[in-house]
2 protein chains.
Amino acid sequence: MSNIREVADLAGVSVATVSRTLQQPELVSPKTRAKVTRAIEQLNYKPNLMAVKFRSGKTHNIVVLVPTVANVFFARVIRGMQEAAAAEGYSLLLVNTMGDNATEQNYARMIHTSQADGVVQLRAFNPFNDNDADEQGLLPMVNACEILDTPQCPTVSLDNRLAAAAMTEHLVELGHQHIAMIKGPASSPLTRERMLGFKDALQEAGLKYCEELMFDGDFTLQSGYDAADRILSQSQPVSAIFCENDEMALGAISRLKAAGLRIPEDISVSGFDNIAFAKFSDPPLTTIAQPAEEFGETAINLLIDVLKGKAKRAVKVILPYQLIIRNSTGPAPAQPVNLTR
Amino acid sequence: MSNIREVADLAGVSVATVSRTLQQPELVSPKTRAKVTRAIEQLNYKPNLMAVKFRSGKTHNIVVLVPTVANVFFARVIRGMQEAAAAEGYSLLLVNTMGDNATEQNYARMIHTSQADGVVQLRAFNPFNDNDADEQGLLPMVNACEILDTPQCPTVSLDNRLAAAAMTEHLVELGHQHIAMIKGPASSPLTRERMLGFKDALQEAGLKYCEELMFDGDFTLQSGYDAADRILSQSQPVSAIFCENDEMALGAISRLKAAGLRIPEDISVSGFDNIAFAKFSDPPLTTIAQPAEEFGETAINLLIDVLKGKAKRAVKVILPYQLIIRNSTGPAPAQPVNLTR
DNA sequence: ACAATAAATGTTATCGGTTACATTGTTTAT
DNA sequence: ATAAACAATGTAACCGATAACATTTATTGT
């Protein structure tokens, strides 16, 4: 691999001139420029970017902490980040953290070892210590999708509470009075927000919130299936299930159908995220669409602002949701179906 | 950010001693070691890994070219890679290439600019020039999942032809004589291999291969839906559809059900990949399971072998497939159903 | 006790660029 | 014609760690 000195020698100039030819060609006379360019081509010279990054102290790398890349929603977010990063000359270091705090702290440490300039965190967990903040108290981080309650960095989120309320209203308008909810992990703020929105809407409609109709899941298909199983084996009437994401909704539908229930005639099911499969399931899933790619794009752009020192901690971008009504939700049956037949 | 010199000064030793304390502590006397360790803690010193990488010429970065991270199968492969890489101290630079050759060449160039040591390519495309090979004619690359016909690097693949033949045999054994196929993009070797396996099995069974029953798709849900639409509007009888991946199978099922067909009573549908959704679809999908995580793991380990100079070009790992029979395939109807009702 | 050997530590060149500053060559203004 | 201003190019310090080699200190054998 040739270096800048070899190029300089071949062109009969100094290394500074070679560097200038590449960085600020206007400072180099056309004659010299031509000589240098020829030498570069002849040697097939490529600047060692590791050296540049080391010298400049800027890596142009961004660590992205993803709970699970195997999640269809995150995959879209990642695509959005990728594009925004590429446009600004940044590379992404994607890390599949499996939601493990220690792993996240480990990778966030790449900031300290000068391997990356900043972090995008897709989970409500602060992988830094407080003394990692800069003069203005800003961490080199952006928190997106699932955000911290008291973030020390810009955030990008959805108004999950409002969105969940909107979905609940939709169910209430269809006449549902006994709505079960399949929740995400209790540790996730998304779960809490969506649950609060659910409660808000119930209260608004004068319906009572019933703790026994709240079921735990972990955002996977299997957990949706299992939760539906528990719903089927309890005694309360239920005519609709609000699932906190599409995967769990699809898992639940699978179980309900296995029990011979018709959707939405016997029971309505709704999701959250509008993943690609939602449109093609049987029946197509009523859900909340999130602008996933835009999450990624916004997060990266905010982070670059932070890195350039032109961002305030207070920046909180809230992206719009959209209620997508398909066929998995319908009018409540006149008689609540007996689930435990 | 403190550097090794500040630590040396505070501890009252030379920089070499500090470096040794971290790299080969057995060469440093316990007394000195203690002094240095104390200074390191006091200054909260973290070695600048960018400097280390620059100095050593080894980045411990691996570029991963992924056609689409939004693909559930690739997401699993990525998880496998992540784990294997972490175990060996490597970081992944994931790139969502959207199958664009220019983008892939661009990112493969990171090898030349010393930003990464090697590349894992998940598509049958060589992003390098031939003169990028090392002395033994090896590229710093491993090709996994969809592999090149004449690779200049180790490969990890499935025997797609055999697997497709196995699936076809399964359909034939159920009595199907008119089997349509929804293919991937013609540019993909996977498509060709699976098609050849399909043909092999038809021939073996004494059935004739029929060009009009081959339909194009691009591995997305929507393309499966669209292809099924075309199948419904043509005149040949069809009692089973072999889809080259699960997404297309699920898209096709969606369309077939919309036409009032029952699966598998009226028509059987099979997939390929065994993504998580396959188990929870209605009906659950008959498919070929691939050890996705193992693909990733093997690819990374092979690449690390290449980088260490202990791999031969000829290494071709072939991982096992598994035929998973669920309910989307069943006995052929006595009378072929008239699709265009 | 003293050379021979081993262990511990220090000095410094090096990796490949960038850039402040120095130097040389060329115009322009008077 | 000559000083001043400017353009073009060169020289060398620097970023932070590593490691070859040099030097100092401790240990061993006789």
Side-chain angles (χ1 to χ4, degrees), chain A residues 1-40 42-61 89 109-117, chain B residues 1-40 42-61 89 109-117:
Chain A
M1 197 87 78
S2 54
N3 61 28
I4 198 170
R5 253 160 280 265
E6 295 174 40
V7 174
D9 289 350
L10 180 61
V13 300
S14 72
V15 292
T17 301
V18 176
S19 178
R20 272 189 290 257
T21 306
L22 293 167
Q23 306 302 323
Q24 313 155 66
E26 68 281 4
L27 294 183
V28 180
S29 76
K31 267 206 323 277
T32 318
R33 218 184 298 167
K35 276 193 299 186
V36 172
T37 310
R38 190 144 17 88
I40 287 176
Q42 213 162 322
L43 293 172
N44 189 27
Y45 165 72
K46 312 272 179 220
N48 180 329
L49 289 188
M50 224 55 188
V52 174
K53 290 176 172 193
F54 161 55
R55 180 58 159 75
S56 68
K58 298 270 166 253
T59 65
H60 282 85
N61 288 157
R109 212 167 291 153
M110 292 179 83
I111 303 300
H112 302 130
T113 55
S114 309
Q115 294 185 86
D117 299 340
Chain B
M1 197 88 78
S2 53
N3 61 26
I4 198 170
R5 250 160 284 264
E6 294 174 41
V7 175
D9 289 350
L10 181 60
V13 299
S14 72
V15 290
T17 301
V18 177
S19 177
R20 273 190 291 257
T21 306
L22 294 166
Q23 306 302 322
Q24 313 154 67
E26 68 280 5
L27 294 182
V28 180
S29 78
K31 269 206 322 277
T32 320
R33 217 184 299 166
K35 276 194 298 185
V36 173
T37 310
R38 190 144 16 89
I40 287 177
Q42 212 162 323
L43 293 172
N44 190 28
Y45 165 71
K46 310 273 180 221
N48 180 328
L49 289 187
M50 223 57 190
V52 174
K53 290 176 173 193
F54 161 56
R55 180 64 165 59
S56 68
K58 299 270 166 251
T59 64
H60 282 85
N61 288 157
R109 213 168 289 153
M110 291 178 83
I111 303 300
H112 302 129
T113 55
S114 308
Q115 293 186 88
D117 299 340

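Per chain, numbering begins at 1; letters A, B, ... match sequence-line order.
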Please test B:V36 against B:V28 for side chain to side chain contact (heavy atoms under 4.5 Å, CB included), starting from the C-alpha separation and ending with a verdict.
-> CA-CA 10 Å; B:V36 173; B:V28 180; 5.7 Å; no

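- Residues meeting the side-chain hydrogen bond (donor to acceptor under 3.5 Å, both in side chains) test with A:N3, sequence neighbours left out: none.
- Scored by the side-chain hydrogen bond (donor to acceptor under 3.5 Å, both in side chains) test, B:R109 finds B:N106 as partners (sequence neighbours excluded).
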Donor-acceptor pairs under 3.5 Å, side chain of residues 54-61 of chain B to any protein atom, not counting sequence neighbours: which ones?
unit_1	atom_1	unit_2	atom_2	d
B:S56	OG	B:V52	O	3.0
B:S56	OG	B:K53	O	3.4
B:S56	OG	B:K58	N	3.2
B:S56	OG	B:K58	O	3.4
B:T59	OG1	B:N61	N	3.0
B:T59	OG1	B:D117	N	3.3
B:T59	OG1	B:D117	OD1	2.8

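- Put simply, chain A comes within 4.0 Å of DNA chain D, heavy atom to any atom, from D:dA8 to D:dG16, going 5' to 3'.
- Here the range on DNA chain C touched by chain B, meaning any atom under 4.0 Å from one of its heavy atoms, is C:dA8 to C:dG16.
- For B:I111, the side chain to side chain contact (heavy atoms under 4.5 Å, CB included) partners are B:A116, B:V119, B:F128, B:P140, not counting sequence neighbours.
- Proximity of residues 42-54 of chain A to DNA chain D (heavy atom under 4.0 angstrom from any strand atom) is restricted to A:F54.
- To the nearest 0.5 angstrom, B:M110 atom CE is 14.0 Å from A:K46 atom NZ.
- Minimum heavy-atom separation, A:L43 to A:L10: CG-CD2, 3.9 Å.
- Contacts of B:T113 classified as side-chain hydrogen bond (donor to acceptor under 3.5 Å, both in side chains), with partners at least two apart in sequence or in another chain: B:Q115.
- Comparing the start and finish of the helix from C:dA1-D:dT30 to C:dT30-D:dA1, five pairs each, the helix axis swings through 40°, to the nearest 10 degrees.
- Shown for residues 16-35 of chain B: residues whose heavy atoms fall under 4.0 angstrom of DNA chain D, namely B:A16, B:S19, B:Q23.
- Counting all heavy atoms, side chain and backbone alike, A:S14 lies closest to A:A8 at C-CB, 3.7 Å.
- A distance of 12.5 Å separates CG of B:L49 from NE2 of A:H112, quoted to the nearest 0.5 Å.
- Taking A:T32 as the reference, A:S29 meet the side-chain hydrogen bond (donor to acceptor under 3.5 Å, both in side chains) condition, with sequence neighbours excluded.
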Less than 3.5 Å apart, which donor and acceptor atoms pair up between the side chains of residues 18-27 of chain A and the rest of the protein, not counting sequence neighbours?
unit_1	atom_1	unit_2	atom_2	d
A:T21	OG1	A:T17	O	2.6

